[in-house]
Protein chains: 2
Amino acid sequence: MTEEIEPLLAQPLQIAPSWNAYQAACPTRLMLNRIADKWTVLVLGLLESETKRFSTLQREIGGISQKMLTQTLRGLERDGLIARMVYPEVPPRVEYTITPLGQTLAGLLGALRGWSEAHMDEVLQAQSAYDKAEQGALKPEAANGVRRVRF
Amino acid sequence: MTEEIEPLLAQPLQIAPSWNAYQAACPTRLMLNRIADKWTVLVLGLLESETKRFSTLQREIGGISQKMLTQTLRGLERDGLIARMVYPEVPPRVEYTITPLGQTLAGLLGALRGWSEAHMDEVLQAQSAYDKAEQGALKPEAANGVRRVRF
DNA sequence: CCGTATCCAATGGGATACTG
DNA sequence: CAGTATCCCATTGGATACGG
């Protein structure tokens with residue numbers, strides 16, 4: 001748990017080594033680091049419409065392990081984006097609900113989903129074009145001037 | 001010399017095994033997996049306002065390695081979100097520009113930045129509240145009820 | 001049913017050295 | 001200046017087994 005951080009105490013308030021203040025203080029970076037894992041956005045999206053229990057989430061997502069679902073839910077709960085309710089029954093029942101704060105974020109992520117669906121074909125097309133150009137680059141023919149300028 | 005081929009960016013959207021069709025076909029998942037790394041969003045944000053060259057980006061970001069900046073720029077270029085221009089000068093000059101497609105995405109990410117800045121304090125507050133409750137759970141004092149039952 | 005604990009493979013990403 | 005090529009470690013996340 002408590003590692004050796006003694007040597008760091010001698011230093012004058014450096015947040016992260018070799019990082020400037022801009023990044024460390026940037027809330028966007030912090031939030032992105034929280035959202036940008038494999039399952040968080042998906043779970044939040046599923047809870048946006050209605051309250052669900054653990055097993056339901058696991059079934060609807062499909063392919064997530066118990067460990068990761070628990071971990072993801074804990075993270076969202078810690079950030080105040082969802083709420084966890086335990087009903088002392090037998091067998092136990094646990095429900096997860098999105099909070100008002102979580103709703104506002106889910107709305108934004110919905111917009112991102114809309115963008116993805118609207119522009120996915122363009123991205124895929126750009127990818128195949130890029131890969132095709134890479135293939136051609138292996139054959140040094142007209143490698144002059146400004147290469148691969150594409151809009 | 002290169003024993004193992006580097007399939008890094010050259011792969012055409014591979015689908016992970018043991019995933020159901022819902023996830024694999026979901027464009028949002030695909031885009032999130034592309035955006036959700038350590039530097040992509042930051043780089044796109046810096047290029048939103050103006051064209052910049054490699055060294056400028058590295059300096060302004062601060063803390064990113066050459067390898068990761070190159071990798072990030074390649075990924076964005078492959079997706080058609082930025083364009084790369086090489087000017088055959090001595091010393092060589094390379095500039096990166098955001099594309100119209102990239103602009104639309106950058107706008108959304110700007111909204112996400114706005115959310116982060118607006119709600120960061122709420123999230124931090126929720127976190128400390130959660131952590132505080134965790135501490136209390138170590139001392140089992142009745143605390144029975146519907147909420148937060150830790151074992 | 002809802003977790004927690006442990007092990008382990010895959011990936012991400014930094015440091016460094018070298019090239020055109 | 002703008003990369004490429006290696007090495008290597010820290011983190012992520014899946015599989016499995018166990019517990020309230």
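Chain identifiers are assigned alphabetically (A, B, ...) following the order of the sequence lines, protein sequences preceding nucleic acid strands; residue numbering begins at 1 within each chain. When reading the values below, keep in mind they use all heavy atoms of this one structure, side chains included, and skip hydrogens, waters and symmetry mates. This one's a predicted model, so the numbers in the text were calculated from it and none came from an experiment.
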Item to check | Sub-4.5 Å side-chain heavy-atom contact between A:Leu109 and A:Leu44 | outcome: yes
Next on the checklist: If the test is side chain to side chain contact (heavy atoms under 4.5 Å, CB included), which one of B:Ile61, B:Thr72, B:Asp37, B:Leu57 qualifies with B:Leu42?
Outcome noted: B:Ile61
Checklist entry - Is the shortest side-chain N/O distance from B:Arg53 to OP1 or OP2 of D:dC1 below 4.0 Å? => result no
Next on the checklist: Using OP1 and OP2 only, check whether a side-chain N or O of A:Ser55 sits under 4.0 Å from C:dC2.
Outcome noted: yes
Checklist entry - Tell me: OH of B:Tyr87 to C1' of C:dG20, nearest whole Å? => result 20 Å
Next on the checklist: Could you check whether B:Glu95 pairs with B:Arg84 (Lys NZ or Arg NE/NH1/NH2 to Asp/Glu carboxylate O, under 4.0 Å)?
Outcome noted: no
Next on the checklist: Nearest whole Å is fine: how far is D:dA2 C1' from B:Lys52 NZ?
Outcome noted: 18 Å
Item to check | Length of the CE-P vector between B:Met68 and D:dA2, whole Å | outcome: 18 Å
Item to check | Rounded interatomic separation in angstrom, taking CD from B:Gln58 and P from C:dA15 | outcome: 11 Å
Checklist entry - Reckon B:Arg74 has a side-chain N or O less than 4.0 Å from the OP1 or OP2 of D:dG3? => result yes
Item to check | Phosphate contact (D:dG3 OP1 or OP2) by B:Tyr96 side-chain N/O below 4.0 Å | outcome: yes
Checklist entry - Counting side-chain heavy atoms from CB outward, which of D:dG20, D:dG14, C:dG13 is closest to A:Lys38? => result D:dG14
Item to check | Nearest-Å distance for atom pair CG/P, residues A:Leu73 and C:dG3 | outcome: 8 Å
Item to check | Of A:Glu95 and B:Gln66, the one whose closest DNA chain C nucleotide lies more 5' | outcome: A:Glu95
Checklist entry - Roughly how many Å is it from CD1 in A:Ile64 to P in D:dT12, rounded to a whole number? => result 15 Å
Checklist entry - How about B:Leu81 and B:Ile98: do any of their side-chain heavy atoms sit closer than 4.5 Å? => result no
Checklist entry - OP1 or OP2 of D:dG3 sitting under 4.0 Å from any side-chain N/O of B:Arg93? => result no
Checklist entry - With a 4.5 Å heavy-atom cut-off, do B:Glu60 and B:Lys52 have their side chains touching? => result yes
Item to check | Atom pair distance, as rounded to whole Å: CD1 in B:Ile61 and C1' in C:dG13 | outcome: 14 Å
Checklist entry - Separation of A:Leu69 atom CG from D:dT12 atom P, in whole Å? => result 17 Å
Checklist entry - Considering only heavy atoms and no angle criterion, is a donor-acceptor pair shorter than 3.5 Å present between the side chain of A:Lys67 and the base of D:dG13? => result yes
Checklist entry - Closest nucleotide of DNA chain C for A:Thr70 versus for A:Pro91: which of these residues is on the 5' side? => result A:Pro91
Next on the checklist: Return whichever of A:Pro92 or A:Gln71 has its heavy-atom-nearest nucleotide of DNA chain D closer to the 5' end.
Outcome noted: A:Gln71
